[in-house]
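Everything on this sheet refers to the single structure shown next.
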Amino acid sequence: MFQGMVKIVENQDFEGFFKMKLDCVEKVKLAKPGQFILIDCGARTFLKRPFSIHNLREDCFEILYKTVGKGTRALAKKRKEEFVNILGPLGQGFRIESKTKKIYLIGGGMGIAPLLFLANSYPEIEREVFIGASGLDELAFFARNNFRVVVGPEFIKIATEKGSYGHKGLVTDLLPSSFEEKSQIFACGPPLMLKEVVKIALKNNVPCQVSLEARMACGLGVCRGCVIKTKSGLKAVCKDGPIFKSQEVIWDD
């Protein structure tokens, strides 16, 4: 784990959506897909904010974010060559079973953030990507072209709620009626989407892991401010997650 200042390489604005590139220190290079970092956004925000690692390169790593509050608005004002204080990598990453031959990556909204890193980390495995967005503005930000390079355009399916691109409706509408043997599902997105993905995975007997979001304070599981209910008791999203096996989570009705 690293705690300290890192330099901003780029903070690109996509009309309220942002992609930030940061200098990649040695310990962050050891991050696993699904892990996250905490960033001190400045502007007198008391707590650091959590951000999934979107992509990892030898010289930098990327995060995606949307300006929704005081912290992210302050982060959006940061410029190239400035520094931010980070803590990470934190949490548990996605886990690929040794016999897996294909993975299905399902991202809804900002839930697309950790999935490119996952797709990029397993070039030897067949990967199919399902992206759900509200409209074209959101979709353009979700680095669709990056997924095209990593997995190929023929393995990407897109749904927009407004019908401005791809399927009009929900991303879960696009999931296959049956899944290939020795496959896994990995999903990140809004709770309603995740619940539907979990139902589909259970119906088809496909192993599924989900990335959960929660308000975090310490990022280390000490404050217990981000606990969720699981079949083995309360778990901290920041330490025990954010990646959980779907069948372990107790989903609220």
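- A pairwise comparison of heavy atoms in A31 and L56 identifies O-CD2, 4.2 Å as the closest pair.
- For CG of D59, the number of neighbouring non-hydrogen atoms (other residues, nucleotides, ligands) closer than 6.0 Å is greater than 12.
- Counting heavy atoms from C-beta on, the side chains of F2 and I37 never come closer than 4.5 Å.
- Taking a cutoff of 4.0 Å between a charged side-chain nitrogen and a carboxylate oxygen, E181 and K101 do not qualify as a salt bridge.
- Annotation: side chain of F179 is in contact with side chain of I185 (closest heavy-atom distance under 4.5 Å).
- Contact annotation: the side chain of L75 approaches that of M20 to within less than 4.5 Å [non-hydrogen atoms, C-beta and beyond].
- In this model, no donor atom of one side chain and acceptor atom of the other lie less than 3.5 Å apart for T172 and E196.
- Rounded to the nearest 0.5 Å, atoms CG (L192) and CG (L194) are 9.0 Å apart.
- Placement of V198 and V249 within a single hydrophobic cluster is found when ILVMFWY residues are connected by side-chain heavy-atom separations under 4.5 Å, directly or transitively.
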Before you tell me yes or no, could you show the steps for F155 and V129 under side-chain contact (heavy atoms from CB on, under 4.5 Å), namely the whole-Å CA-CA distance, both residues' side-chain angles and the distance that decides it to 0.1 Å? CA-CA 6 Å; F155 296 108; V129 179; over 6 Å; no
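- Taking the side chain as every heavy atom from C-beta outward, E180 and Y104 approach each other to under 4.5 Å.
- Taking 4.5 Å as the limit, every side-chain heavy atom of I39 sits out of range of all side-chain heavy atoms of K48.
- Counting all heavy atoms, side chain and backbone alike, L212 lies closest to V237 at O-CG1, 3.7 Å.
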Would you please test V84 and D40 for side-chain contact (heavy atoms from CB on, under 4.5 Å) and show each step? CA-CA 6 Å; V84 290; D40 182 350; over 6 Å; no
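- The side-chain heavy atoms of L170 and M193, taken from C-beta on, include no pair separated by under 4.5 Å.
- No more than 12 heavy atoms of other residues, nucleotides or ligands lie within 6.0 Å of CD in E213, so this atom counts as exposed by the packing criterion.
- No chain of hydrophobic side-chain contacts below 4.5 Å, direct or via other Ile, Leu, Val, Met, Phe, Trp or Tyr residues, connects V227 to V210.
- A single hydrophobic cluster is seen to contain both F244 and W251, as judged by linkage of ILVMFWY side chains at heavy-atom distances under 4.5 Å, directly or through other members.
- Two residues are said to be in side-chain contact when any heavy atoms from C-beta on lie closer than 4.5 Å; L87 and M1 meet this criterion.
- P176 approaches F130 most closely through the heavy-atom pair CD-CZ, 4.0 Å.
- Atom-to-atom distance recorded for L38:CG and C238:SG is 8.0 Å, nearest 0.5 angstrom.
- Under a 3.5 Å cut-off, the side chain of K231 and the backbone N or O of E248 do not form any donor-acceptor pair.
- Summarising the geometry, atom CD belonging to Q12 is positioned 10.0 Å from atom CZ belonging to F18; distances are rounded to the nearest 0.5 Å.
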Take F94 and S211 through the test side-chain contact (heavy atoms from CB on, under 4.5 Å) and record every step on the way to the result. CA-CA 8 Å; F94 293 107; S211 178; 4.2 Å; yes
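- Rounded to the nearest 0.5 angstrom, L175 CG and N204 CG are separated by 9.5 Å.
- Linking ILVMFWY residues whenever their side-chain heavy atoms come closer than 4.5 Å, directly or via other members, leaves I63 and F83 in distinct clusters.
- Among the candidates K157, H167, K168, the single residue satisfying the side chain to side chain donor-acceptor pair (under 3.5 Å) test with D173 is H167.
- Around the CD atom of E26, the shell of radius 6.0 Å holds no more than 12 heavy atoms that belong to other residues, nucleotides or ligands.
- Side-chain contact check for I86 versus F61: some heavy-atom pair is nearer than 4.5 Å.
- The pair E58-K29 does not meet the salt-bridge criterion, since no charged nitrogen lies less than 4.0 angstrom from a carboxylate oxygen.
- Of the possible donor and acceptor atoms, none in the side chain of E62 sits under 3.5 Å from a partner among the backbone N and O of L22.
- Here the closest non-hydrogen pair linking L220 and K239 is O-CD, 3.4 Å.
- Residue-environment remark: NZ (K21) exceeds the threshold of 12 foreign heavy atoms within 6.0 Å.
- Paired with T100 under the rule side chain to side chain donor-acceptor pair (under 3.5 Å), one option of Q184, K182, R95, E126 passes, and it is Q184.
- Expressed to the nearest 0.5 Å, how far CD1 of I243 lies from CG of L118 amounts to 8.5 Å.
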Are V150 and F117 close enough, and set up right, to give a side-chain contact (heavy atoms from CB on, under 4.5 Å), and what steps lead you there? CA-CA 10 Å; V150 172; F117 186 15; over 6 Å; no
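- Within 6.0 Å of CZ on R224 lie more than 12 heavy atoms contributed by other residues, nucleotides or ligands.
- The two residues S52 and A113 make their nearest non-hydrogen contact at CB-CB, 4.2 Å.
- The hydrophobic cluster around V9 extends to none of the other residues, as no ILVMFWY side-chain heavy atom falls under 4.5 Å of it.
- Judged by distance alone, with hydrogens and angles left aside, the side-chain atoms of D240 form no donor-acceptor pair with the main-chain N or O of K235 at under 3.5 Å.
- Hydrophobic clustering of Ile, Leu, Val, Met, Phe, Trp and Tyr side chains at less than 4.5 Å, counting indirect connections, unites Y122 with L115.
- Closest non-hydrogen pair, C24 versus R57, comes out as SG-O, 3.9 Å.
- Atom NZ of K32 sits in a sparse spot, with 12 or fewer heavy atoms from other residues, nucleotides or ligands closer than 6.0 Å.
- The main-chain N or O of G16 is found under 3.5 Å from a side-chain atom of T67 such that the two form a donor-acceptor pair.
- Between the CD atom of Q209 and the CD atom of E97 there is a distance of 7.5 Å, given to the nearest 0.5 Å.
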